[in-house]
Amino acid sequence: MRVAVVNTQVPFTRGGAELHADNLVNALRGCGYEVELVQIPFNWRSPWSVMDHLMAARMFDLEEVNGKPVDQVIGLRFPAYHVRHSRKVLWIIHQYRSAFDFWDDPKADLALQEGGRSVRDAIRVSERKLLGEAAEIFANSENVKQRLQAFCNRDSTVLYHPPGLAEDLRLGPYGDYLLCPGRLETLKRQEFVLNSLAQTKAQVKIKFVGAVGSESYAEKLKKLAARLGVVDRIEWCGFVSKEALVDLYANARAVEAMRRGTCDVMLAGGFDSMINPVGISG
């Protein structure tokens, strides 16, 4: 059976969504499927370019490639998951959130751009209609499920992805730091971590791990740390190797996970390795 996993690729950017796609491909290959990762570039530098990329995704025809049928398509991110195929399931990682729950967020730019409201309305109408093409819709979190229901009136099944390093993670001695992984960019909201750190009584430290997605935001964070008086309790690790990241997880006292408007702290511990690929019909 030939399966195409279709994902959006932001050029020169790699993070959890890309790892998610790679792991899905590997898991399906391990189950005996012939799998190809199909990546569609995405650039949202203007509201109208978002619509251009949505149209480009709709123009892709993956029913047959090189004279051979593609038996199943699994779509992951907007707008790539809107490719046309008669047997398509979605495991949604990201919608275009600036048109949905981020519309009123001051960190999102769509509302501030000329034509932003028109593009928002067009995306919402398109999503409500085009999501109906999928035989099944899976969401990678409860938040995504709730967003699909609230904005698109679409039911979905939550299917969690195992931690990206699930097979390598191990327990180590608890260190004196909290680990905060993720690119440094506005929508990741690392300022919540800094503000929380400034209010702690214990002299715990923070290690930020991840590439700089926004130079201006990274500079803003460093200025905030100085203003809060926590510079000596922070380490900016940047991008690290897989081996180094495993060590950082193993020895962290806790791992901080950013969600919309909150900062959750999860005690470091063992992770169960589970591969549960998207259900494929046929």
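None of these values were measured; they are calculated from a predicted model.
- In this structure a side-chain-to-backbone donor-acceptor pair under 3.5 Å is present from Asn26 to Asp22.
- The residues Lys68 and Glu34 are annotated as not salt-bridged, no charged nitrogen and carboxylate oxygen being separated by less than 4.0 angstrom.
- Across every non-hydrogen atom of Pro181 and Val255, the tightest pair is CD-CG1, 4.1 Å.
- Distance CG/Leu184 to CD/Glu219: 11.5 Å, rounded to 0.5 Å.
- Between Leu131 atom CG and Cys152 atom SG the span is 5.5 Å, to the nearest 0.5 Å.
- Between Leu28 and Val5, some side-chain heavy-atom pair lies under the 4.5 Å cut-off.
- Side chain to side chain, Glu127 and Tyr81 meet the donor-acceptor criterion of an N or O pair below 3.5 Å.
- Contacts of His20 classified as ring-ring contact (aromatic ring centres under 6.0 Å, His included), with partners at least two apart in sequence or in another chain: Trp91, His161.
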Margin query: One pair to check against salt bridge (charged side-chain N to carboxylate O under 4.0 Å, His left out): Arg2 and Glu64. What are the steps and the verdict?
Written below: CA-CA 10 Å; Arg2 306 177 80 213; Glu64 182 181 288; over 6 Å; no
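- There is no side-chain donor-acceptor pair under 3.5 Å between Gln199 and Asn195.
- With hydrogens and angles disregarded, a donor-acceptor distance shorter than 3.5 Å links the side chain of Tyr217 to the backbone of Gln190.
- Taken from OG in Ser126 to CE in Met55, the straight-line distance is 9.5 Å, to the nearest 0.5 Å.
- Figure legend: cation-pi geometry between Lys205 and Tyr177 absent, as NZ or CZ is not positioned both under 6.0 Å from the six-membered ring centre and within 45° of its axis.
- The two residues Arg84 and Arg58 have their closest heavy-atom pair at NE-O, 2.6 Å.
- The CG atom of Leu197 lies 5.0 Å from the CD1 atom of Ile206; values are rounded to the nearest 0.5 Å.
- Taking the six-membered ring where tryptophan is involved, the planes of Phe42 and Trp44 are tilted, since the angle between them lies from 30° to 60°.
- Not a single donor-acceptor pair under 3.5 Å links the side chain of Arg87 to the backbone N or O of Val73.
- Of the possible polar contacts, none joining the Arg120 side chain to the Trp103 backbone as a donor-acceptor pair under 3.5 Å is found.
- Side chain of Thr8 to main chain of Phe78: a donor-acceptor pair is present (N/O by atom type, distance under 3.5 Å, no hydrogens or angles).
- A salt bridge links Lys242 to Asp168: at least one charged side-chain nitrogen sits closer than 4.0 Å to a carboxylate oxygen.
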Check: Can you list the steps and then say if Gln146 with Glu142 is a side-chain contact (heavy atoms from CB on, under 4.5 Å)?
Finding: CA-CA 6 Å; Gln146 292 175 6; Glu142 185 63 34; 3.5 Å; yes
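- Looking only at side-chain heavy atoms (C-beta outward), Ile123 and Phe100 come within less than 4.5 Å of each other.
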Note to self: Test side-chain contact (heavy atoms from CB on, under 4.5 Å) on Glu36 and Val65; report intermediate values, then the result.
What the structure shows: CA-CA 11 Å; Glu36 189 71 45; Val65 176; over 6 Å; no
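- When all heavy atoms of Asp155 and Ile137 are compared, the closest pair comes out as O-CB, 4.0 Å.
- The pair Arg147-Asp101 meets the salt-bridge criterion, since a charged nitrogen lies less than 4.0 angstrom from a carboxylate oxygen.
- Separating the CD1 atom in Ile74 from the CG atom in Leu90 is a distance of 9.5 Å, to the nearest 0.5 Å.
- Under a 3.5 Å cut-off, the side chain of His53 and the backbone N or O of Ser49 do form a donor-acceptor pair.
- In terms of heavy atoms, Gly172 sits closest to Asn251 at CA-OD1, 3.7 Å.
- One finds no salt bridge joining Lys88 and Glu63 here, because no Lys/Arg side-chain nitrogen approaches an Asp/Glu carboxylate oxygen to under 4.0 Å.
- Between atom CD1 of residue Ile40 and atom CG of residue Leu76 there is a gap of 11.0 Å, rounded to the nearest 0.5 Å.
- Of the possible polar contacts, none joining the Arg77 side chain to the Ala17 backbone as a donor-acceptor pair under 3.5 Å is found.
- Between the Arg253 side chain and the Asp176 main chain, no donor and acceptor come within less than 3.5 Å of each other.
- In this structure the side chain of Glu191 reaches within 4.5 angstrom of the side chain of Leu221, judged on heavy atoms.
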